[in-house]
Amino acid sequence: EVQLVESGGGLVQAGGSLRLSCAASGFSFDNYGVGWFRQAPGKDREWVSCFSFRDGSINYVDSVKGRFTISGDSAKNTVTLQMNSLKPEDTANYFCAADYLESCIGGLDYYGIDYWGKGARVTVSS
């Protein structure tokens, strides 16, 4: 069975840090772009970050550049999102996502995602 399982997240004060991890089972990340979307209450799901296991490319939405860092571990079949300098507007459910693509230059397209995780809650208090 194919699964993406997120871990991490939680509650933190503004300016703090959290780490999200995504582990895959049932398939290998090797040919995928893997990353994160987030969805705040009443808002659309927004792409956040992408890591390509094919060419090593990385990309971020402008609002998190310089604060979030994504990394991938092929041996462990995991992706990690380190989130620093968190802001209240980062509060959302964060979803791990995998797309069979070569590069993350264009980010991740919601409609192209092959696999989704169930989400992890991130709450940033002011």
Side-chain angles (χ1 to χ4, degrees):
E1 180 185 6
V2 171
Q3 278 191 316
L4 294 180
V5 179
E6 301 99 337
S7 60
L11 172 64
V12 68
Q13 288 188 329
S17 297
L18 287 172
R19 177 178 293 181
L20 295 174
S21 292
C22 174
S25 60
F27 76 107
S28 169
F29 277 160
D30 283 353
N31 292 308
Y32 284 79
V34 183
W36 300 87
F37 286 73
R38 66 186 178 184
Q39 188 167 19
K43 294 189 176 182
D44 292 335
R45 195 167 293 191
E46 171 191 40
W47 167 70
V48 175
S49 183
C50 177
F51 175 90
S52 169
F53 281 82
R54 284 204 202 181
D55 69 0
S57 57
I58 290 174
N59 204 351
Y60 304 93
V61 67
D62 285 348
S63 60
V64 307
K65 285 180 179 177
R67 300 188 298 121
F68 290 12
T69 302
I70 192 170
S71 60
D73 187 327
S74 182
K76 295 181 179 179
N77 218 24
T78 58
V79 167
T80 298
L81 184 68
Q82 177 67 39
M83 303 182 291
N84 298 329
S85 302
L86 282 161
K87 304 175 181 181
E89 51 263 44
D90 294 317
T91 295
N93 284 320
Y94 282 71
F95 298 88
C96 182
D99 185 356
Y100 192 85
L101 54 69
E102 182 168 350
S103 173
C104 283
I105 289 177
L108 291 175
D109 178 3
Y110 176 90
Y111 296 101
I113 298 301
D114 295 296
Y115 305 113
W116 289 98
K118 293 184 177 181
R121 181 72 179 169
V122 171
T123 303
V124 185
S125 63
S126 57

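The figures that follow rest on heavy atoms only: side chains count, while hydrogens, waters and symmetry mates do not.
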Looking only at heavy atoms, the pair that brings Pro88 and Ser126 closest together is CG-CB, 3.8 Å
Could I get the full list of ring pair (Phe, Tyr, Trp, His ring centres under 6.0 Å) partners for Phe53, not counting sequence neighbours?
-> Phe29, Phe51
Group every Ile, Leu, Val, Met, Phe, Trp and Tyr by side-chain heavy-atom contacts under 4.5 Å, then state whether Phe37 and Tyr100 land in the same group.
-> yes
Are Ile105 and Val79 joined in one hydrophobic group, where the rule is that I, L, V, M, F, W and Y side chains link up if heavy atoms are under 4.5 Å apart?
-> no
What pairs meet the salt bridge (charged side-chain N to carboxylate O under 4.0 Å, His left out) rule with one or both residues in residues 4-32, with sequence neighbours excluded?
-> none
Is the backbone of Phe27 close enough, under 3.5 Å, to the side chain of Asn77 for a donor and an acceptor to pair up by distance?
-> yes
Ring pair (Phe, Tyr, Trp, His ring centres under 6.0 Å) with Phe68: which residues, sequence neighbours excluded?
-> none
Would you mind listing every disulfide bond (SG atoms under 2.5 Å apart) that reaches into residues 89-126, with sequence neighbours excluded?
-> Cys22-Cys96, Cys50-Cys104
Heavy atoms only: give me the nearest Gly107-Leu101 pair and the separation to one decimal.
-> O-CD2, 4.1 Å
Shortest non-hydrogen contact from Ser57 to Ser103?
-> OG-OG, 3.3 Å
With distance as the sole test, does Trp116 use its side chain to make a donor-acceptor pair with the main-chain N or O of Lys118 at under 3.5 Å?
-> no
Sort and list the pairs that fulfil salt bridge (charged side-chain N to carboxylate O under 4.0 Å, His left out) and have at least one residue in residues 74-94, not counting sequence neighbours.
-> Arg38-Asp90, Arg67-Asp90
Distance (rounded to the nearest 0.5 Å) between Ile113 CD1 and Asp99 CG = 4.5 Å
For Ser17, side chain to side chain contact (heavy atoms under 4.5 Å, CB included) partners two or more places apart | Gln82, Asn84
Out of curiosity, Trp36 CH2 to Tyr60 OH, how far, rounded to the nearest 0.5 Å?
-> 13.0 Å
Residue list, ring pair (Phe, Tyr, Trp, His ring centres under 6.0 Å) with Tyr94, at least two apart or on another chain = none
Tell me, which pairs form a salt bridge (charged side-chain N to carboxylate O under 4.0 Å, His left out) where one or both residues lie in residues 47-66, sequence neighbours left out?
-> Asp62-Lys65
Examine Val2 and Tyr32 and state if one hydrophobic cluster contains both, with Ile, Leu, Val, Met, Phe, Trp and Tyr joined whenever side-chain heavy atoms are less than 4.5 Å apart.
-> yes
Hey, does the Lys NZ or Arg CZ of Arg45 hover above the aromatic six-ring of Phe95, less than 6.0 Å from the centre and inside 45° of the axis?
-> yes
May I ask you to decide if Ser71's main-chain N or O and Thr80's side chain share a donor-acceptor pair within less than 3.5 Å?
-> no
Without hydrogens or angle criteria, can the side chains of Ser21 and Thr78 be said to hold a donor-acceptor pair below 3.5 Å?
-> no
Please name all residues satisfying side-chain hydrogen bond (donor to acceptor under 3.5 Å, both in side chains) with Asp109, sequence neighbours left out, ordered by chain then number.
-> none
Under 4.5 Å between any side-chain heavy atoms of Val64 and Ser49, yes or no?
-> no
Side-chain heavy-atom pair Arg121, Thr91 within 4.5 angstrom cut-off = yes
Result of checking Val12, Ile70, Val124, Leu18 against Met83 for side-chain contact (heavy atoms from CB on, under 4.5 Å) = Leu18
